[in-house]
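Let me begin by presenting the structure, written as C-alpha cells, before commenting on it.
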Amino acid sequence: MGFNMKKALITGSGGLIGSEAVKFFVEKGFEVFGIDNDMRAYFFGEESSTTWKVNELKEKFKSYHHLNIDIRNKEELEKLFKEQQFDLIIHTAAQPSHDWAAKEPFTDFSVNAQGTLNLLELMRLHSPNSVFIFTSTNKVYGDKPNEIEFEELETRYEVPSGHIYTNGIDETMSIDQSKHSIFGASKVAADILVQEYGRYFGLNTVAFRGGCLTGPNHSGAQQHGFLAYLVKAVNQQIPYTIFGYKGKQVRDNIHSFDLVNAFYHFYQNPRQGEVYNMGGSRHSNISMIEAIEKIENITGKKAKISFSNQPRSGDHIWYISDVSKFKQHYPEWACTYNIDQIIEEICIKGHK
Ligand SMILES: NC(=O)c1ccc[n+]([C@@H]2O[C@H](COP(=O)([O-])OP(=O)(O)OC[C@H]3O[C@@H](n4cnc5c(N)ncnc54)[C@H](O)[C@@H]3O)[C@@H](O)[C@H]2O)c1
C-alpha cells in the first residue's frame, strides 16, 4: 500500500455501521484495518452471523485487511497498535442488545466497557494523534425520556406542541438516576471513558449517542435491529410480538451512510471529548404500527403481529434525537435518507 495512505482502524467491521464505515473510508482512499470476531453469532445465533459481510468486504476492497481479534484481548490488539499508526479509529464492536445483556452481564461489560478502554488506552499510547469515534447509544439516558408527559395520538405517542423536546432530546438530558438496562450501563461506562480520554488526556475523541441505526447491511435479529427484523418477519411470515405501548412507541431511524458521513465530518475537524445525539431526528422517525403498515404496503403481505401489554424493561416510549448541536458544529452535514427511503431500501435490497 502507498506510504501516504491514511490508515483507519474499524472495530465491528462486519456489522451494520462498521461495514458501512469500511466502504466509506476505503472509497475515500484510506487503508482500512477491520476487527471483527463474529461475536454477533454468539449473541444472537448463526442467522445473525456477520461473516457474509466480512467475506464481501475482503473480496471487494484490496485496501481492506481483516483481523479476527476479540477486542477484549488487549495483547492481540497491542501487537496491531505497535505495527500500525492509525489516523482514525472507529469503534463500533459491541454487545448491542438490552435483553441479551441481562443473560450475561460480565460478557456484556467486558465487551462494551473493557473493550472500549483497551482501545482508548492503546490509542493514547501508540496513535495519540488519531481521531477516536465511538458509537454510543441513546440508552445512556436510561428511561429518563419516559418522564415526559406524552400525548397519545392515533398511531403514535408525541410530545405536546410547544414542548421543550419538540425537536427531539438533546445532550443536556441527565444520564443519571434512571433505568438503563445492563447494556445501557456498560455503554455509559464506555461513553464516559471516551469523554475522559478527550477531557483528561486531551485526545480527539467523540461519542455519538445513536438512536435506531438502520440500513441494508444489518444482520437482523429479533433482539437487535428492529426494522431489518420486522421486514424479515413480514416477508417470511414469522409471527412478531410488539411489547407494550400498543405499538405506538416512536423511534428515530438514521441510515448507516448518514451516520458514517457524520463521522467523516468530525474526523476532518475533530474536537476533544465531545458527545452528540445522533439519529434520524424529526427528519426520519416512525412508530411500530406506522412501520408495519408501510412494510405491509410495500411487500403486499400482512404482518403476523401480536401485542403484549408488558413493555421491555427500560424501553423508550418515544425517542427522537435532537441533532442541532452536531449541525451547529458541522453545518455542512445533513441527513440524506428519510424514513420512507430507509424502509423501501430494506424491503427491496433486503438483508442477508
Ligand atoms: N443498531 C442500532 O440501532 C444502534 C443504536 C444505538 C447504538 N448502536 C451502537 O452502534 C454500534 C454498532 O452497532 P451495529 O448495529 O453496527 O452492531 P452489529 O451487531 O451489526 O455490529 C457489531 C459487530 O461487532 C462485532 N463484535 C462484537 N463483539 C466483538 C468483540 N468482542 N470483538 C470483536 N468484534 C466484536 C460483531 O460480531 C458485529 O459484527 C454498537 O456499539 C451499538 O451499541 C447501535
Side-chain angles (χ1 to χ4, degrees), residues 9-22 33-46 48-57 66-74 76-77 80 90-98 100-101 104 106-116 118-119 133-141 180-181 183-191 194 207-221 223-230 251-256 259-260 262-263 276-280 316 319 321 342 351-352:
L9 173 65
I10 300 177
T11 72
S13 55
L16 168 70
I17 302 306
S19 62
E20 184 82 55
V22 170
F33 295 79
I35 289 181
D36 202 306
N37 67 347
D38 199 20
M39 204 158 171
R40 191 172 166 93
Y42 172 74
F43 299 141
F44 308 124
E46 272 311 310
S48 297
S49 163
T50 50
T51 306
W52 66 282
K53 193 72 213 178
V54 168
N55 290 339
E56 200 181 287
L57 296 175
H66 190 76
L67 301 147
N68 193 353
I69 299 176
D70 188 326
I71 58 161
R72 294 173 296 179
N73 188 336
K74 185 154 175 279
E76 284 278 303
L77 287 177
L80 173 66
I90 298 178
H91 174 35
T92 80
Q95 189 303 107
S97 158
H98 286 261
W100 195 91
E104 291 188 30
F106 282 92
T107 310
D108 175 77
F109 196 84
S110 65
V111 174
N112 289 353
Q114 182 81 46
T116 302
N118 287 343
L119 290 156
I133 293 173
F134 174 58
T135 45
S136 184
T137 166
N138 62 16
K139 303 299 171 349
V140 299
Y141 299 115
H180 293 79
S181 82
F183 158 76
S186 64
K187 292 294 273 195
V188 165
D191 183 302
V194 168
F208 282 94
R209 294 174 172 169
C212 283
L213 317 178
T214 53
N217 295 341
H218 223 178
S219 303
Q223 293 177 74
H224 183 241
F226 100 89
L227 276 181
Y229 188 79
L230 203 53
R251 302 281 178 267
D252 67 344
N253 289 269
I254 185 169
H255 193 279
S256 44
L259 178 65
V260 172
F263 297 170
Y276 296 111
N277 287 358
M278 183 46 68
H316 290 150
Y319 193 96
S321 317
I342 288 173
H351 53 93
K352 183 180 69 133

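All values below come from the heavy atoms of this structure, side chains included, with hydrogens, waters and symmetry mates left out. We count ligands from 1, going down the list as the structure has it; atoms in each ligand are counted the same way.
- Under 4.0 angstrom from ligand 1, the non-hydrogen atoms of Leu16 come from both its backbone and its side chain.
- Contact annotation for His91 and ligand 1: no heavy atom of the residue comes within less than 4.0 Å of the ligand.
- Checked by atom type and distance alone, the side chain of Ser49 never pairs as donor or acceptor with a backbone atom of Glu46 at under 3.5 Å.
- Thr11 places a side-chain N or O within donor-acceptor distance of the main-chain N or O of Ala93, the cut-off being under 3.5 Å.
- Remark: the Asn112 side chain and the Gln95 side chain contain no N/O donor-acceptor pair separated by less than 3.5 Å.
- Ligand 1 has a nitrogen or oxygen under 3.5 angstrom from a nitrogen or oxygen of Arg40.
- Of the candidates Gly115, Ala94, Gly12, Ala94 brings a heavy atom nearest to atom 27 (C) of ligand 1.
- Look at Cys212 and you'll find a heavy atom under 4.0 Å from some atom of ligand 1.
- Rounding to the nearest 0.5 Å places OG1 of Thr107 at 6.5 Å from CZ of Arg72.
- At least one side-chain heavy atom of Leu213 sits less than 4.5 Å from a side-chain heavy atom of Leu259.
- The distance criterion of under 3.5 Å between nitrogen or oxygen atoms is met by Ile17 with respect to ligand 1.
- For the 3.5 Å distance criterion, the side chains of Tyr42 and Asn37 fail to qualify, holding no donor opposite an acceptor.
- To the nearest 0.5 Å, atoms NZ (Lys139) and OH (Tyr319) are separated by 9.0 Å.
- For ligand 1, the atoms closer than 4.0 angstrom to any heavy atom of Asp38 are 37 (O).
- Here the CZ-OG1 distance, from Phe263 to Thr135, works out to 6.0 Å after rounding to the nearest 0.5 Å.
- Within the 4.0 Å heavy-atom cutoff, Lys53 does not count among the residues contacting ligand 1.
- Between Lys53 and Arg40, the closest side-chain pair of non-hydrogen atoms is not below 4.5 Å.
- Numbered from 1 in the order shown, with element, the atoms of ligand 1 that lie under 4.0 Å from a heavy atom of Ala93 read 24 (O), 26 (N), 34 (N), 35 (C).
- With a 4.0 Å heavy-atom cut-off, ligand 1 is reached by the side chain of Val111 but not by its N, CA, C or O.
- Contact annotation: Gly211 has at least one heavy atom less than 4.0 Å from an atom of ligand 1.
- Checked by atom type, the side-chain pair Thr51/Asp38 shows a donor-acceptor distance below 3.5 Å.
- The residue from Pro96, Gly210, Ser136, Ala228 that puts a heavy atom closest to atom 7 (C) of ligand 1 is Ser136.
- For Thr50, a nitrogen or oxygen atom sits less than 3.5 Å from a nitrogen or oxygen atom of ligand 1, counting backbone and side chain alike.
- Considering backbone and side-chain atoms alike, Arg72 places every N or O at 3.5 Å or more from each N or O of ligand 1.
- No donor-acceptor distance shorter than 3.5 angstrom exists from the side chain of Thr92 to the backbone of Ile17, with no hydrogens or angles considered.
- The shell of residues lying under 4.0 angstrom from ligand 1, judged by heavy atoms, includes Ile69.
- Interface atoms of ligand 1 facing Asp70, defined by a heavy-atom separation under 4.0 Å, are 30 (C), 31 (N), 32 (N).
- Below 3.5 Å of separation, one finds no N or O of Gln95 facing any N or O of ligand 1.
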